[in-house]
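Working notes for the structure below.
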Amino acid sequence: MTLHMKLKSSIAAVLMLGVTGFGFVTQANADAVDDITKAGAINVGIFSDFPPFSSASADMSIKGYDIDVAQFIADSLKVKLNLVSVTGQNRIPYLTDKRVDILMSVGYSKEREQVIDFAAAYAPYYIAVIGPAALAVKGKEDLADKSIAVNRGTLEDTSLTEVAPASADIKRFDNYNSVIQAFISGQTQLMVVGNDVGAQVLAKQDAIKPEQKFQLLTSPSHIGLNKNEDRLKKAVNDAVAKMLADGKLDESSKAWLKTPLNPDNLKD
C-alpha cells in the first residue's frame, strides 16, 4: 500500500471514529429530562397505601399530599403523571434501574446518598405530642405527671423516653391503632405519633378537638432521583419552590395533614 493510500485509510478511520464518538457522546449526554419529554410522561414511585401522603380515594384513584406534588412536577414538565406503586424494599432498585424517574417520601440518610441523589425537601415529617385543646402542654416539662400513649419500640418511643420527666406515665402499646384508641378513649391524656398518623386523628376527633402540642423530632421527606441528573433535580427543586412560594404546599398540608405548613419543618 502506498503512503498516500495509507494516509487516506487513516483519515477515513479517524472520521469514522469521530462519527461514532459523536453518537456516543450524544447518547451519553441524554438525561432523564430528555427521556421524560420523549416519553411524554414522568414515572413517579409512590407508596400506594400511605395516608395521608398517598392512598386510594372513594373513586379508587390515588390521592394525597405526595400526589399533589407529583402532579405539579408533571405539569411543570408538561408531561403526563404516571404513578408507580413501590415498596420500602424495591423502591431504590426501581429508581436505579430507571423503572421510575423520581421517588416520593424519601428520608435523607448518608447511606442512601451513596446510591441516589436528593432533591429539595417538600413534605414535613415529624414526631409530635398530640393532646386535646383544653390540656395545656407547651414543652417537654409539661409532660410531667401526664399519661402518654406511644407505639412500643419505635422512634416515637425512643424520642419520648429521652425527654419525658421521670413522673410522666408512658403507656406503650404494640401498634398505632391501640395508641390512637387509648388516646381518644381517655385512657391517656396525650399520645406521641408521627404527623402521618396524627393527621388521621386531627381530622376525625371533633369532640376532644385534638391538636399538636409540640414536636420531638423532625425529618422532612425529600424527592429521590438518580445521581448526575442535574436538569431533573433543578426542575423538581424549581417546582417545589414555586409550590412553597404560591401557597400550594400550604394548601396541600391543610387538606391532607390537617395543619398549616411550617417551612421550618422542611429543614433537615
Side-chain angles (χ1 to χ4, degrees), residues 32-33 35-107 116 118-126 175-177 180 193-206 220-226 232 235-261 265-266:
V33 173
D35 294 338
I36 291 166
T37 302
K38 183 177 180 181
I42 182 168
N43 297 317
V44 179
I46 55 134
F47 294 125
S48 56
D49 187 18
F50 186 41
F53 294 96
S54 52
S55 61
S57 61
D59 63 3
M60 298 310 294
S61 62
I62 303 296
K63 294 182 180 178
Y65 188 103
D66 278 3
I67 312 308
D68 288 354
V69 176
Q71 185 63 65
F72 191 86
I73 292 170
D75 292 343
S76 298
L77 290 169
K78 297 181 172 58
V79 295
K80 177 185 175 183
L81 173 62
N82 181 32
L83 298 175
V84 180
S85 180
V86 298
T87 67
Q89 291 72 40
N90 70 21
R91 63 179 182 160
I92 300 299
Y94 266 43
L95 178 63
T96 56
D97 290 345
K98 298 188 176 181
R99 296 175 68 173
V100 298
D101 301 301
I102 60 175
L103 292 171
M104 309 301 292
S105 288
V106 184
I116 66 173
F118 293 85
Y122 73 98
Y125 181 79
Y126 51 83
N175 55 65
Y176 289 112
N177 285 337
I180 293 169
V193 293
N195 63 315
D196 53 342
V197 175
Q200 301 173 58
V201 179
L202 296 176
K204 297 177 181 178
Q205 299 302 320
D206 292 334
S221 294
H222 290 258
I223 295 170
L225 66 160
N226 281 310
L232 180 58
V236 170
N237 285 345
D238 288 349
V240 171
K242 191 172 190 312
M243 290 189 77
L244 186 60
D246 64 15
K248 283 188 171 61
L249 275 184
D250 184 55
E251 291 174 11
S252 289
S253 182
K254 290 174 181 175
W256 299 108
L257 305 181
K258 306 306 177 184
T259 186
L261 179 69
N265 289 331
L266 299 182

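Keep in mind it's a predicted model, so treat the numbers as computed, not measured.
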Practice item. For the pair Y65 and F53, name the ring-plane relationship: parallel under 30°, tilted 30 to 60°, perpendicular over 60°. Key: perpendicular

Exercise for review: Quick one: closest heavy-atom pair of S105 and F50, and the distance?
Suggested key: OG-CE2, 3.6 Å

Review point. Looking at CG of N90 and OG of S85, how far apart are the two atoms once the value is rounded to the nearest 0.5 Å?
Key: 8.0 Å

Check your understanding: So, do L249 and V69 sit near enough that their side-chain heavy atoms are less than 4.5 Å apart?
Key -> yes

Point to revise | Test item: N195 side-chain N/O and P124 main-chain N/O as donor-acceptor pair under 3.5 Å | key: yes

**Study point:** Separation of I116 CD1 from N226 CG (nearest 0.5 Å)
**Key:** 8.0 Å

Review point. If only atom types and distance count, is the side chain of S253 paired as donor or acceptor with the main-chain N or O of L257 below 3.5 Å?
Key: no

Practice item. Please assess R99 against D97 for the test salt bridge (charged side-chain N to carboxylate O under 4.0 Å, His left out), listing each intermediate value before the final yes or no. Key: CA-CA 6 Å; R99 296 175 68 173; D97 290 345; 5.7 Å; no

Point to revise | CZ on F47 to CG on L83, rounded to 0.5 Å | key: 14.0 Å

Practice item. Kindly compute the distance separating CD1 (I180) from CG (N175), expressed to the nearest 0.5 Å. Key: 9.0 Å

Review point. Can you tell if the side chain of L103 reaches within under 4.5 Å of the side chain of I92, non-hydrogen atoms only?
Key: yes

Review point. Is the backbone N or O of A119 less than 3.5 Å from a side-chain atom of N237, with the two atoms forming a donor-acceptor pair by type?
Key: no

Exercise for review: Look only at the side chain of D101 and the backbone of N43, and say whether a donor-acceptor pair between them is shorter than 3.5 Å.
Suggested key: yes

Check your understanding: Nearest 0.5 Å, what's the NE2-CD1 distance between H222 and I102?
Key -> 14.0 Å

Review point. Any side-chain heavy atom of N265 sitting closer than 4.5 Å to one from P220?
Key: no

Practice item. Please answer whether the main-chain N or O of L95 pairs with a side-chain N or O of K98 as donor and acceptor at a distance below 3.5 Å. Key: no

Exercise for review: For D238, check salt bridge (charged side-chain N to carboxylate O under 4.0 Å, His left out) against everything at least two apart and list the hits.
Suggested key: K234

Review point. Minimum heavy-atom separation for A121 to V240, with atom names?
Key: O-CG1, 3.8 Å

Point to revise | Close side-chain approach of P51 and D49, heavy atoms under 4.5 Å | key: yes

Practice item. Drop me the distance from L261's CG to K254's NZ, to the nearest 0.5 angstrom. Key: 9.5 Å

Review point. So do the side chains of I67 and V44 get within less than 4.5 Å of each other, counting heavy atoms only?
Key: no

Point to revise | Derivation of the side chain to side chain contact (heavy atoms under 4.5 Å, CB included) call for M104 and I223 | key: CA-CA 5 Å; M104 309 301 292; I223 295 170; 4.1 Å; yes

Point to revise | Heavy-atom closest contact (F118 atom, L225 atom, distance) | key: C-CD2, 4.0 Å

**Study point:** Taking every non-hydrogen atom, the tightest pair across L266 and Y122
**Key:** CD2-C, 3.6 Å

Revision key, fill the gap. On a heavy-atom basis, the closest approach of D68 and S252 is OD2-OG, 2.7 Å

Point to revise | V106 vs R91 side-chain heavy atoms within contact, under 4.5 Å | key: yes

Review point. What are the two closest heavy atoms between L232 and A32, and how far apart are they?
Key: CD2-CB, 3.8 Å

Practice item. Test F72 against K242 for side chain to side chain contact (heavy atoms under 4.5 Å, CB included), laying out the working first. Key: CA-CA 10 Å; F72 191 86; K242 191 172 190 312; 3.9 Å; yes

